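A short write-up of the structure that comes next.
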Amino acid sequence: MTDLETVPHTGLIPAPLSRDADGEGTGRRTVRLGAQTALAAVPGTEDTARWLRATLGAAFALPLPPGSAEAPDTLALALDPALPPEGYRLDADARWGVRLTGGGPAGVFWAAQTLRQLLGPDAFRRAPLAPGRAPGLPEQTIEDAPRFGWRGLMLDVARHFLPKDGVLRYLDLLAAHKLNVLHLHLTDDQGWRIEIRRYPELTATGAWRRRTRLGHRDSPLWDPRPHGGYYTQDDLREIVAYAAERQITVVPEIDIPGHSQAAIAAYPELGNTDVIDTTSLEVWDTWGVSPNVLAPTDTALRFYEHVLEEVLALFPSRFVHLGGDECPKDQWRASPTARARIAELGVDGVDGLQSWFLRHFDRWLADRGRRLIGWDEILEGGLAEGAAVSSWRGYAGGIAAAKAGHDVVMCPEQHVYLDHRQDAGPEEPVPIGYVRTLEDVYRFEPVPPELTREQAARVLGTQANAWTEAMDGQQRLDYQVFPRLAAFAEVAWSRLPAPAARDYQDFTRRMAAHYARLDALGVAYRPPGGPLPWQKRPGILGRPFDGAPPNV
Ligand code: ACM
């Protein structure tokens with residue numbers, strides 16, 4: 001039976017490696033999934049089976065009872081070790097049904113994401129619109145595998161707390177875009193968001209600030225309401241498990257030695273007590289980089305070892321992010337304790353102290369089978385041996401690290417900082433940072449041409465970063481992150497040509513289908529024509545972009 005008029009527009013995002021039909025006008029038959037369709041899952045694919053029953057069950061009331069892969073009208077999940085671990089093949093044939101074959105469990109799960117997109121936007125709903133209507137997809141074969149193993153989004157849950165439900169929702173959104181790393185920025189000057197049993201003041205005091213600046217850091221406006229919140233250890237165990245079922249690794253970030261004012265407000269002995277009265281410090285209420293940083297003392301080292309012991313017990317991720325960015329050294333320069341430490345260690349001034357902090361925890365993590373990753377400032381004063389670098393101030397840090405044999409995650413602020421404005425016009429809700437349009441993100445290339453083939457292999461992948469100074473809730477977050485995360489996902493997954501040769505028209509054509517999916521998911525993305533009236537924020541100050549490097 002050919003009923004192409006009922007086949008939804010099926011532009012896939014991210015684009016697969018190969019597809020033998022574009023899903024439209026090919027004269028192919030439609031493969032239907034209905035009440036009789038069985039689900040056959042080989043061992044190792046149970047998570048995807050559970051996900052399919054939950055998702056398609058909710059969207060179309062499909063029961064998907066267990067069945068045999070050999071019977072007709074079956075959705076079969078299979079493994080083929082000849083495929084790459086995250087690679088998959090999707091075969092849809094009206095005679096027998098749909099087969100999703102992965103190189104490993106992750107491949108099967110990504111195949112299921114593709115299947116959901118092929119079933120049309122209603123597959124993204126949580127209850128059926130038209131009970132009894134069987135979804136379908138055109139007969140076809142897709143072969144696919146990701147370009148990069150690290151395809152991430154960083155969520156800054158410190159500047160504005162995102163309640164647990166919001167994090168779980170973002171894990172669903174990451175999965176729908178075949179992204180596999182959620183980097184959680186859990187601590188900063190403006191808030192500490194992870195329960196540490198040994199140090200209850202970190203959340204009793206450090207998770208709350210009295211008020212919040214609205215807009216750019218020079219803005220005269222304040223939200224006078226206290227802001228805060230934190231994840232309990234059970235919340236985080238749930239988040240990690242929910243992510244794992246979706247083939248996503250949660251990389252925790254505990255920022256040291258800078259961006260630590262919330263921790264010092266909770267435990268004043270962590271700060272440079274010989275320079276300032278740290279007992280009067282509060283959780284910071286404004287934006288920028290606080291001068292209040294950890295003291296280079298054994299007290300601070302032991303404290304963070306204890307913190308990290310609890311972090312490691314919660315997060316199985318091999319990489320643990322320890323920040324290392326934007327650590328002003330003024331207090332160390334003024335501190336007799338810090339100067340004595342520099343002399344005792346024989347390190348090269350205050351930069352040497354920063355690198356001493358990071359080297360200590362690099363070894364500490366390595367002894368526990370983990371690896372340190374940090375922002376590219378950790379290169380200053382010498383990079384710890386096994387450390388990997390998140391290259392954020394452009395490509396330079398990543399290039400230097402890759403040339404020195406270190407692993408790199410490319411996330412340059414000039415390209416993939418999603419807090420930055422997505423249009424040059426005056427209408428963006430809080431215009432900060434560089435102008436990065438959807439097309440700019442689509443033309444982002446994670447591997448710079450300066451790297452040889454061997455050095456390029458050090459680029460584990462890429463991530464987009466969503467800093468939340470100007471995103472005070474889910475709608476603002478959605479607006480900044482989408483639709484640009486869809487373009488980013490294609491950069492991270494698909495094998496695109498060089499930036500100038502990328503077919504942006506084809507991407508925007510497929511985005512038409514994708515906006516319908518985002519609508520069904522309830523994502524408050526920035527519409528192609530600019531912000532809707534309620535998305536604008538007249539009166540809240542941004543900062544005109546004058547071409548100089550921005551700083552919120
Ligand atoms: C950063 O944006 N400070 C990593």
Side-chain angles (χ1 to χ4, degrees), residues 150 152-160 181-193 216-217 251-263 284 286-294 319-329 351 354-355 357-358 361 372-381 383 387-401 406-421 430 432-436 441 444 446 460-471 477 480-481 484 488 543 545 548-552:
W150 184 302
L153 173 68
M154 188 219 68
L155 284 183
D156 168 12
V157 294
R159 268 54 175 270
H160 280 99
V181 174
L182 175 66
H183 168 172
L184 273 186
H185 183 76
L186 288 164
T187 71
D188 215 304
D189 298 315
Q190 296 87 355
W192 182 283
R193 307 281 175 232
H216 181 262
R217 63 181 164 163
V251 175
E253 181 184 351
I254 305 294
D255 208 336
I256 60 165
H259 288 285
S260 301
Q261 183 164 327
W284 217 26
T286 189
W287 313 127
V289 179
S290 164
N292 298 304
V293 304
L294 298 180
F319 282 101
V320 175
H321 207 295
L322 293 187
D325 58 323
E326 298 179 318
C327 179
K329 313 285 191 311
D351 281 345
Q354 150 110 357
S355 121
F357 254 109
L358 273 302
F361 285 105
L372 182 149
I373 184 165
W375 303 110
D376 56 58
E377 287 94 331
I378 68 171
L379 287 157
E380 291 159 14
L383 189 53
V389 168
S390 305
S391 189
W392 76 275
R393 293 178 297 179
Y395 288 103
I399 292 170
H406 291 270
D407 289 334
V408 173
V409 174
M410 281 293 183
C411 49
E413 63 172 342
Q414 296 84 349
H415 300 269
V416 286
Y417 266 34
L418 300 182
D419 48 324
H420 290 194
R421 68 191 83 195
V430 186
I432 55 174
Y434 292 100
V435 179
R436 283 295 134 191
V441 173
F444 163 58
L460 302 177
T462 180
Q463 68 179 41
N465 294 338
W467 300 100
T468 58
E469 287 95 334
M471 295 179 228
L477 187 62
Q480 293 299 131
V481 171
R484 292 183 293 184
F488 174 79
R543 198 187 206 194
F545 181 55
N551 190 342
V552 295

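A quick note: this is a predicted structure, and the numbers were derived from the prediction, not measured. For ligands, and for the atoms within them, numbers begin at 1 and follow the listed sequence.
Side-chain rings of Phe319 and His183 stay apart, their centers remaining 6.0 Å or farther from each other.
The shortest side-chain heavy-atom distance between His321 and Ser390 falls under the 4.5 Å cut-off. Here the side chains of Glu377 and Gln354 are in contact, with some heavy-atom distance below 4.5 Å. The side-chain heavy atoms of Leu372 and Leu358, taken from C-beta on, include a pair separated by under 4.5 Å.
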Note down each nitrogen or oxygen pair, ligand 1 side and protein side, whose separation is under 3.5 Å; give only atom names and the distance to 0.1 Å.
residue	atom	partner	partner atom	Å
ligand 1	2 (O)	Tyr417	OH	2.6
ligand 1	3 (N)	Asp325	OD2	2.8
ligand 1	3 (N)	Glu326	OE1	3.1

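For the 3.5 Å distance criterion, the side chains of Trp287 and Gln190 fail to qualify, holding no donor opposite an acceptor. Using modelled atom types and a 3.5 Å distance limit, the side chains of Glu253 and Trp375 yield a donor-acceptor pair.
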